[in-house]
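Nothing fancy with the numbering, it's 1 onward along the sequence.
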Amino acid sequence: MPGGAALDRPAAGAARARAWAASDAGLVTLIAAGACLLHFLTASQYGYFRDELYFAACGQHLAWGYVDHPPLIAAISWFTRRMLGDSLFSLRFFPALSSGAKILLTAWMVAELEGGRFAQLLAATAVFFCPVYLSMDNFLSMNSFEPLFWMGCAAIAMRIASGGSSRLWLVFGAVAGVGLLNKHSMLFFGLAIFLGLLASSGARHLRNPWIWLGAVLALAISSPNLLWEIRNHFPTLEIFRNIARTKNVDLPWYDFIAQQALLVHPLAAPICVAGLWFFFATEQGRPYRFLGWAYVFLLLEMLVLKGRIYYMAPVYPMLFAAGAVLLEREIAARQWEWAKWAIVVPLVAGGMIAAPLAAPILPVNAAVAYSRFWDVEKVRVETSDSGVLPQFFGDMFGWRNQVAVLASVYRNLSPRDRQRCAILAGNYGEAGAVDFFGAAYGLPRAISGHNNYYLWGPRGYSGDVVITVGMRREDLQPLFGSVEQVATIRDPYAVADENNLPVFLCRLPRMPLSQAWPKLKFFG
């Protein structure tokens with residue numbers, strides 16, 4: 001009967017939807033959607049992150065390169081602001097999507113390794129609650145997209161190793177090339193893959209011309225950035241040297257490795273160990289052994305170069321996928337169905353406990369109390385005193401207030417002084433804040449000697465009247481005859497370096513600002 005058939009259609013559609021949600025693909029997609037939703041809901045919880053303000057400024061100066069990063073993140077910032085606007089939700093829209101994409105990509109690798117439903121669920125859950133991804137996917141950053149490029153290459157290499165066409169090395173090269181436009185660390189992963197192939201039976205792939213054509217394609221895609229580096233005398237190498245000297249922490253190798261467990265969550269670390277066992281010690285993992293070697297070589301690279309702990313972060317979905325497949329097979333072989341709950345339930349519980357330390361889930365006062373309860377200060381090894389909040393939270397506070405204080409100083413100047421006044425910032429976060437929020441106050445764009453702001457120069461200012469933020473009096477006195485403190489910027493939630501900041505009004509330049517500019521250069 002037509003009426004009855006029409007009534008049956010919604011019920012049939014609902015049944016199909018339930019069946020899809022219960023399928024492997026549906027389950028993983030729901031977990032990925034949940035990750036995106038978490039970041040959408042927390043995107044506006046605190047404020048703009050320091051680097052987001054800098055990337056927004058870079059987006060106003062589109063180029064093929066920048067002192068401290070390749071061009072892709074600036075292009076994403078430019079596109080986001082024009083298409084979606086300047087809100088926190090808008091800037092963080094694509095990083096939030098990347099959280100779900102990581103889960104889907106990990107599930108793809110599980111399927112490539114012939115893992116089943118439990119392996120998909122376990123690997124997806126591990127990625128969902130991974131503290132470093134919870135942190136990085138909550139603000140606009142190269143780091144939120146970096147795992148997609150690394151693991152996209154890993155997944156393609158898995159497909160080739162399991163019998164896929166050798167022409168897929170061209171796709172590998174294309175992904176790697178775009179990855180190089182996102183972050184230069186793609187080179188480290190590419191080198192690790194090469195060494196991994198060389199150290200295993202995968203060396204046969206190096207005799208295939210398609211892999212070298214893929215390498216040529218990667219070079220071609222990233223060549224505009226390489227040409228920019230050449231024209232600008234490789235400023236990125238200079239910044240790497242400065243960071244290694246001033247910011248990287250010289251940890252003993254065993255501490256560096258132990259900190260990786262905190263990076264992925266201590267309860268998820270055994271899954272990564274199982275992933276290495278899968279690659280190195282099982283017959284099923286033999287075709288993919290080069291990926292296990294790639295992890296080992298990447299770890300050695302970071303230890304030799306004294307890299308920061310989170311530089312290893314993009315590689316872990318690969319180990320989650322392999323480890324989940326191994327655990328699933330061992331559970332099935334021993335018929336230990338109870339072990340599935342014994343693994344997943346603590347992983348979820350531990351992830352929920354750690355999540356407020358990694359993502360801005362709690363109101364700020366509750367986040368302060370929660371950080372104190374877990375004594376977060378004791379596990380910080382890369383920064384000094386960050387303030388009352390973990391550093392990546394503290395860097396979301398204080399910027400709008402800084403600009404408001406600078407605007408009050410600027411308004412107190414005479415009209416003639418305002419016309420020739422420059423705002424000089426000590427770092428790109430302070431300068432980016434002025435450029436992002438300052439137009440609403442009638443402020444001119446900031447100048448700074450920090451990173452790419454140095455290349456943008458003093459914007460034609462003479463230095464006759466300069467308001468400074470984030471600079472020390474002793475650094476200003478050689479440049480100006482008059483250095484007067486006119487305000488202090490305070491924010492209890494900001495990182496320590498951005499709290500109790502003096503604001504100086506400088507006059508009587510001892511030399512033109514264009515001549516003093518090289519003295520202000522700081523790449524780091």
Side-chain angles (χ1 to χ4, degrees), residues 50-75 77-78 141-142 183-184 224-247 395 399 402-403 406 420-436 438 443-480 483 497-498 501 503-504 506 509-524:
R50 175 195 303 268
D51 292 3
E52 288 176 306
L53 300 172
Y54 177 51
F55 296 144
C58 291
Q60 294 178 311
H61 300 81
L62 290 177
W64 279 110
Y66 302 86
V67 167
D68 45 359
H69 58 86
L72 185 60
I73 193 67
S77 175
W78 176 89
S141 164
M142 301 168 290
K183 196 170 180 182
H184 293 123
N225 178 243
L226 177 60
L227 293 174
W228 182 91
E229 291 281 350
I230 293 170
R231 285 195 299 268
N232 289 276
H233 311 292
F234 290 98
T236 301
L237 293 181
E238 180 178 345
I239 201 170
F240 282 167
R241 288 192 295 269
N242 290 341
I243 288 174
R245 188 177 65 252
T246 62
K247 291 185 72 174
D395 264 329
W399 307 112
Q402 280 189 18
V403 177
L406 293 172
R420 55 187 179 147
C421 177
I423 298 178
L424 175 62
N427 64 57
Y428 65 55
E430 296 152 357
V434 172
D435 286 353
F436 196 88
L443 294 179
R445 286 190 176 184
I447 60 174
S448 175
H450 188 204
N451 288 8
N452 224 76
Y453 268 95
Y454 175 78
L455 296 188
W456 297 332
R459 303 188 196 274
Y461 288 107
S462 64
D464 290 340
V465 182
V466 177
I467 297 172
T468 73
V469 59
M471 301 195 70
R472 301 181 304 175
R473 184 189 295 270
E474 54 266 36
D475 294 329
L476 294 168
Q477 286 174 332
L479 305 178
F480 299 94
V483 179
D497 290 344
E498 301 296 340
L501 280 182
V503 177
F504 296 108
C506 303
R510 302 185 190 278
M511 64 189 78
L513 194 54
S514 58
Q515 184 180 338
W517 198 244
K519 301 178 187 296
L520 297 171
K521 177 183 176 182
F522 170 54
F523 286 180

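- Counting only distance, with no hydrogens or angles, the side chain of N451 and the backbone of G524 share a donor-acceptor pair below 3.5 Å.
- Side-chain atoms of R459 come within 3.5 Å of backbone atoms of A446 as a donor-acceptor pair (strictly under, hydrogens ignored).
- Heavy atoms only, all atoms of each residue included: Y453 and D435 are closest at OH-OD2, 2.6 Å.
- A donor-acceptor pair shorter than 3.5 Å can be found between the side chains of E229 and T236.
- Taking the six-membered ring where tryptophan is involved, the planes of Y54 and H69 are perpendicular, since the angle between them exceeds 60° and thus also 30°.
- Listed here is the closest heavy atom pair of P444 and V434: O-CG1, 3.6 Å.
- Between the S448 side chain and the A425 main chain, a donor and an acceptor come within less than 3.5 Å of each other.
- Considering CG of N232 and CG of L227, their distance stands at 11.0 Å, rounded to 0.5 Å.
- A donor-acceptor pair under 3.5 Å is absent between the side-chain atoms of D395 and the main chain of R50, judged by distance alone.
- At least one donor-acceptor pair under 3.5 Å links the side chain of Y66 to the backbone N or O of C58.
- Between A422 and Y461, the shortest heavy-atom contact is CB-CG, 3.5 Å.
- Rounding to the nearest 0.5 Å gives a distance of 8.0 Å between CD of Q477 and CZ of R510.
- Proximity of a side-chain donor or acceptor of R420 to a complementary backbone N or O of S462 within less than 3.5 Å is not detected.
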Exercise. Do N427 and E430 pass the side chain to side chain contact (heavy atoms under 4.5 Å, CB included) test, and can you show the C-alpha distance, the side-chain angles, and the key distance before you say yes or no?
Worked result: CA-CA 6 Å; N427 64 57; E430 296 152 357; 3.1 Å; yes
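- Within a 6.0 Å radius of CH2 in W517, more than 12 heavy atoms belonging to other residues, nucleotides or ligands are found.
- Taking the six-membered ring where tryptophan is involved, the planes of W456 and H61 are essentially parallel, since the angle between them stays under 30° and well short of 60°.
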